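Single-structure report; data block below.
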Amino acid sequence: MKKSRNRSSALPAPSVAKTSLTAKAHSLTVPSVGRVAVAIMAAGKGTRLKSQLPKVLHEVGGKSLLAHVVAAATQVVAERDVYAIVGYEAERVRTELANSGIQFVLQAEQRGTGHALMAARQALAGYDHVIVLSGDAPLITAETIGRLLQFHLAEKAAMTLLSTDLEDPTGYGRVIRKSARSAEVKAIVEEKSATAAEKKVREMNAGFYTFSVPALYGNIGKLSTSNPHSEYYLTDMAEVLRRAKQRVVVYKTDDANEVLGGNTRAELAAIDENLRLAKCRQLMAEGVTIFYPATCVIDCEVEVGADTVLEPFVQILGKTRIGSGCRVRSYSVIKNSEVADEVTIRPGCVLEGARVGVGAVLGPYSHLRPGSEIGEGAHVGNFVETKKIKLGKGSKANHLTYLGDAEIGRNVNIGAGTITCNYDGVNKHMTVIEDGVFIGSDSTLVAPVRVGKGAYVGAASCVTDDVPEDSLVIGRARQIVKQGWAREKRAARPTTK
Ligand code: UD1
Ligand code: CA
């Protein structure tokens, strides 16, 4: 379904032929769409998670539950037609989603899913239809939302709900149809209120709905709180509307995964696993080799080029992009970084906010912190930490080194144990190392300092002043040799047996 910014026709006229509506829907002419909003119920605390963090901000696949739902919703309607109904820790939720372009509605007190929609009455007044999503069910896709809407329109319903059959629907609301063959719904019965016979129904209410806005708000006042939770249940609208002689229908999907909710930590883990494996499958289909996919943690938005090999136990997080023909060896964690083609990342590397050029070699055990830019073919090796640096093409820092706030040219050799002393206790200062410089092992470069093109720094130097091009600098105490000193010492103090 296409995204449109035009509020008066938020959706293109649905093409029934393209979708898999039921045979019955095919024979109906589809009315014009009208103005469509999406309301996402996201005000609950999530008591079952036993968490300070609001439920919808818990993460799966590297993104909050709510961010997943918003991503699906904004593929169906324009951002400004998406309303998140927030309540518990509302400010925190708003802040997290601040850049999404969606709108927020406050449900100050959380008195149930029906009450959430009561809170959105004013915001939704100008729309013809509202698609209601659950902020805690992140696997819903734009395709399914689109089909739910189309079915609703084709059926000219006041309320359409999404359902699926579950092996074990315990805990969910059950869909009670007028008859087995009919799409029309008599009621949705919550687990706690269900009779023994109703509990046997395997068709569960997924928690996604489309309502005609006038029908919803013309009748929502009839909801009551006479139920075991003393809440206003949105699910009761099915019976309320049916009694008001309005059409209530159900659209069943056979993808049971899409409706999974993250009510408990165990459910969150199941959803997370589901997303991670789906991500691995997607990357493998795109030509990435992944050994032992079940051990790899790859966030939803990560991109990896073809012929890259990911070894077991790697984590690739956030907005990371990895080119093609790379090899990422075990136990590396890469976050919000850009890695070009043909890069080798040996075991145990940690990258965050780094950029790595073509053919570079990292690790084992390199730590690239934010602002690290590693040039083409450069090497960063064992126990080397970098932060806010540019390391030029072909340069090497292979062992036990800290490079921070530095601009390092091409073909520079940084000896083992080199340290840029970038911090004077108050401010950070720059170290500049020009092309072709050789820094001997165990040198300290006290910033601000510049080492000119082609210069040599003798091992163990402490460089405090700029070094001219092509010169040799030695900044260490001269070696003293005391001939025979050790022998004399041993003779003076004979060893005891
Ligand atoms: C709900 C349905 C149930 C369905 C299940 C599917 C009701 C009464 N029951 O149960 O039939 O099978 O979803 O997952 O609707 N929320 C608010 N404000 C509130 C209360 C909840 O915004 O006052 C939000 C929650 O943050 C959550 C969503 O609504 O994102 C659903 O609420 P939740 O308490 O998880 O409902 P379920 O018990 O899962
Ligand atoms: Ca839920």
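None of these values were measured; they are calculated from a predicted model. Note that ligands are numbered from 1 as they come in the structure, with each ligand's atoms numbered from 1 the same way. All values below were derived from every heavy atom in this structure, side-chain atoms included, with hydrogens, water molecules and symmetry-related copies excluded.
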Can you figure out which of Q110, Q107, H229 has its heavy atom closest to atom 18 (N) of ligand 1? Q107
Considering G112, A43, G44, which one's heavy-atom position lies nearest to atom 19 (C) of ligand 1? G112
Short N/O/S contact of S134 with the Ca ion (ligand 2) (below 3.0 Å): no
Regarding ligand 1, does [X] bring an N or O atom to under 3.5 Å of one of the ligand's N or O atoms?
| X | value |
| --- | --- |
| Y172 | no |
| T113 | yes |
| Y233 | no |
| I85 | no |
| M41 | yes |

I'd like to know if [X] and [Y] make a salt bridge, using a cut-off of under 4.0 Å between side-chain N and carboxylate O.
| X | Y | result |
| --- | --- | --- |
| K63 | E59 | no |
| E311 | R329 | yes |
| K186 | E239 | no |
| K55 | D136 | yes |
| D299 | K335 | no |
| D128 | R35 | yes |

Nearest-0.5 Å distance, [atom1] of residue [X] to [atom2] of residue [Y]:
| X | Y | atom1 | atom2 | result |
| --- | --- | --- | --- | --- |
| I322 | E303 | CD1 | CD | 10.5 Å |
| Y209 | M41 | OH | CE | 5.5 Å |
| Y402 | R369 | OH | CZ | 5.0 Å |

Which protein non-hydrogen atom lies closest to [atom], naming both residue and atom, and how far is it?
| atom | result |
| --- | --- |
| atom 38 (O) of ligand 1 | R48 NH2, 3.4 Å |
| atom 4 (C) of ligand 1 | N205 O, 3.1 Å |
| atom 13 (O) of ligand 1 | G207 CA, 4.5 Å |

Determine if the distance from atom 36 (O) of ligand 1 to the closest protein heavy atom is below 4.0 Å. no
Counting heavy atoms only, which part of [X] comes closer than 4.0 Å to ligand 1: side chain, backbone, both or neither?
| X | answer |
| --- | --- |
| N263 | side chain |
| M237 | neither |
| E190 | side chain |
| A206 | backbone |

Flag for Y83-Y127: side-chain donor and acceptor within less than 3.5 Å: yes
Cut-off 3.5 Å, side chains only: do T141 and E258 have a donor facing an acceptor? yes
Please determine whether any non-hydrogen atom of [X] lies less than 4.0 Å from an atom of ligand 1.
| X | answer |
| --- | --- |
| A42 | yes |
| H115 | no |
| K55 | yes |

Could you list which atoms of ligand 1 come closer than 4.0 Å to a heavy atom of G173? 3 (C), 4 (C), 11 (O), 12 (O)
Any atoms of ligand 1 less than 4.0 Å from a non-hydrogen atom of R111? List them with their elements. 23 (O)
Full working for salt bridge (charged side-chain N to carboxylate O under 4.0 Å, His left out) between E273 and R276: CA-CA 5 Å; E273 188 182 0; R276 306 283 183 198; over 6 Å; no
Which residue, E184, E203, E198, forms the salt bridge (Lys or Arg N to Asp or Glu O under 4.0 Å) with R177? E203
Which N, O or S atom of D136 lies nearest to the Ca ion (ligand 2), by name: OD2
